[in-house]
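What follows is one structure encoded as structure tokens, with my remarks underneath.
Keep in mind that what you see is a predicted model, and the values were worked out from it rather than measured. Both ligands and their constituent atoms are indexed starting at 1 by order of listing.
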Amino acid sequence: MKAICKLSPGPGAEYTDCDVPVINKDELLLRVDHAAICENDLAIYNWTGWAPDRVKTPMIFGHELCGEVVEMGQLDKGFNKGDFVSVESHIFCGLCYQCRNDQRHVCANVRMIGIDTPGGFAEYAAVPARCAWKHTDDSLKDIGAIMEPFGNAVYGVLAEDIVGKTVLISGCDPQGLFGIGIARAGGAKNIIALDSSAYRQKLAKKAGAGHVLDPQSEDIFTKIKHAAKSPDGVDTVIEMSGDPKAIGLGLSVLRYGGRFTAFGMPGKKIELDYAKDIISKGIRLYGVAGREIFRSWYKMESILKSNAVDPRPIITHTFKFKDFKKAFELVGSKEKKCGKVILTP
Ligand SMILES: [Zn+2]
Ligand SMILES: [Zn+2]
């Protein structure tokens with residue numbers, strides 16, 4: 001089969017011939033329908049950040065995928081050939097303390113598809129059946145690969161009730177853009193989005209943000225409070241960017257007693273005013289790792305099937321696997337002239 005594979009440590013990857021995976025008895029073999037590119041894939045492609053320490057080559061990457069079941073392991077009950085599935089990228093062990101306490105998303109022994117095990121930028125992928133989400137009809141097939149990142153936004157935004165709240169979405173990468181729609185559907189009163197990319201600012205407007213601001217513009221602190229129509233600040237911050245400055249800004253514009261969802265990962269340790277911005281303000285801080293397995297998936301299915309949020313306008317580009325270099329150039333470009341980018345076999 002053809003796959004996008006990182007053959008050796010260092011920047012880049014190859015579109016190359018690989019063996020079709022041989023499945024274990026608890027795995028499914030999928031014929032990949034499409035896969036999506038995430039910032040984590042960019043780190044693997046560019047060989048930056050955490051990637052060199054974690055990824056063992058050769059590795060087929062890609063962890064946001066969907067496809068049709070073509071083979072089942074002997075232990076896999078509940079799946080049939082022809083089933084269409086999206087994939088939960090966190091391979092949870094099922095046995096650790098967290099897994100046994102309904103916290104599979106923070107499994108102590110988690111491995112990630114496309115990072116620790118061969119992934120979805122391939123014609124075929126082997127995935128544990130317990131990580132497969134079966135579609136019950138065809139309505140979400142065309143967006144099957146973006147359910148994984150959409151789930152991040154569902155978990156992050158809906159970690160608390162947002163009805164009537166002023167919500168700041170900090171960072172309009174695809175998860176941030178999904179988050180705008182989810183906040184809107186969830187009943188937020190006022191949504192303020194932050195991003196420096198003009199392209200993504202437009203997408204944020206389209207997704208339903210009432211105010212879209214450039215976090216690098218002058219006196220942004222006052223601009224946000226003005227947009228929030230409150231000198232106290234915003235009720236909720238959904239931090240998707242991971243940018244240390246944006247994290248500090250988000251904490252500073254959050255009102256006393258507000259909620260801060262931390263999703264975007266800074267590349268290094270950052271400095272916070274812990275006493276002033278967290279303790280004294282009495283905020284609730286949620287770390288969001290992945291999605292709740294599978295609670296977030298049920299919520300997602302409901303949100304998407306009811307058309308409360310349509311994530312399709314956020315998918316801006318589709319490339320063939322063989323053109324993956326163009327796709328990664330686009331996702332990695334400084335101007336960020338893209339929303340979600342899809343790859344197809
Ligand atoms: Zn991802
Ligand atoms: Zn576990």
Side-chain angles (χ1 to χ4, degrees), residues 4 6 13 26 32 34-46 48-51 54-55 59-66 86-122 125 127-131 133 143-157 171-179 238-242 262-267 287-297 300 311 314-315 317 324 327-328 330-332 336 338-343:
I4 303 166
K6 180 164 285 280
D26 63 345
V32 174
H34 63 280
I37 299 181
C38 154
E39 288 288 324
N40 285 331
D41 298 315
L42 191 63
I44 298 173
Y45 182 74
N46 289 335
T48 50
W50 52 269
R54 178 149 170 192
V55 178
M59 180 61 73
I60 297 168
F61 52 123
H63 57 274
E64 300 176 359
L65 67 144
C66 62
S86 291
V87 177
E88 166 54 58
S89 61
H90 287 203
I91 306 176
F92 53 97
C93 76
L95 297 170
C96 72
Y97 185 84
Q98 286 89 282
C99 280
R100 289 176 168 224
N101 281 279
D102 198 18
Q103 295 179 316
R104 292 170 201 88
H105 61 295
V106 282
C107 166
N109 306 308
V110 72
R111 289 173 304 139
M112 289 254 323
I113 292 168
I115 292 174
D116 305 310
T117 69
F121 294 159
V127 301
R130 66 182 181 283
C131 295
W133 170 267
I143 52 168
I146 62 151
M147 289 186 74
E148 196 261 21
F150 191 81
N152 298 136
V154 164
Y155 180 27
V157 172
C172 294
D173 67 342
Q175 275 103 330
L177 293 166
F178 295 148
I238 311 292
E239 211 308 302
M240 299 302 218
S241 75
F263 176 76
M265 295 236 192
V288 165
R291 302 137 297 280
E292 287 190 294
I293 306 168
F294 276 89
R295 192 177 296 115
S296 299
W297 287 81
M300 251 192 275
I314 291 159
I315 300 170
H317 297 79
F324 73 100
F328 277 98
L330 179 65
V331 176
K336 299 280 179 200
C338 60
K340 198 66 177 163
V341 177
I342 300 285
L343 293 173

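In this structure, Glu64 does not pair ionically with Arg291, as no charged nitrogen and carboxylate oxygen lie closer than 4.0 Å. Between Asp102 and Arg295, at least one side-chain N (NZ, or NE/NH1/NH2) sits under 4.0 Å from a carboxylate O, which counts as a salt bridge.
Rounded to 10°, the angle formed at the Zn ion (ligand 2) by Cys96 SG and Cys99 SG is 110°. At the Zn ion (ligand 2), the angle from SG in Cys107 to SG in Cys93 is 100° when rounded to 10°.
The closest side-chain heavy-atom distance from Cys38 to His63 is below 4.5 Å. Within the 4.5 Å cutoff, the side chain of Phe121 has no heavy atoms near those of the Val32 side chain.
Going from atom CG of Leu95 over to atom CZ of Arg100 covers 5.5 Å, rounded to the nearest 0.5 Å. Distance CG/Asp173 to CD/Glu39: 6.5 Å, rounded to 0.5 Å.
For the Zn ion (ligand 1), the nearby protein N/O/S atoms, meaning those under 2.8 Å, are Cys38 SG, His63 NE2, Glu64 OE2.
Ring geometry for Phe294 versus Phe92: interplanar angle over 60°, hence perpendicular rather than tilted (30 to 60°).
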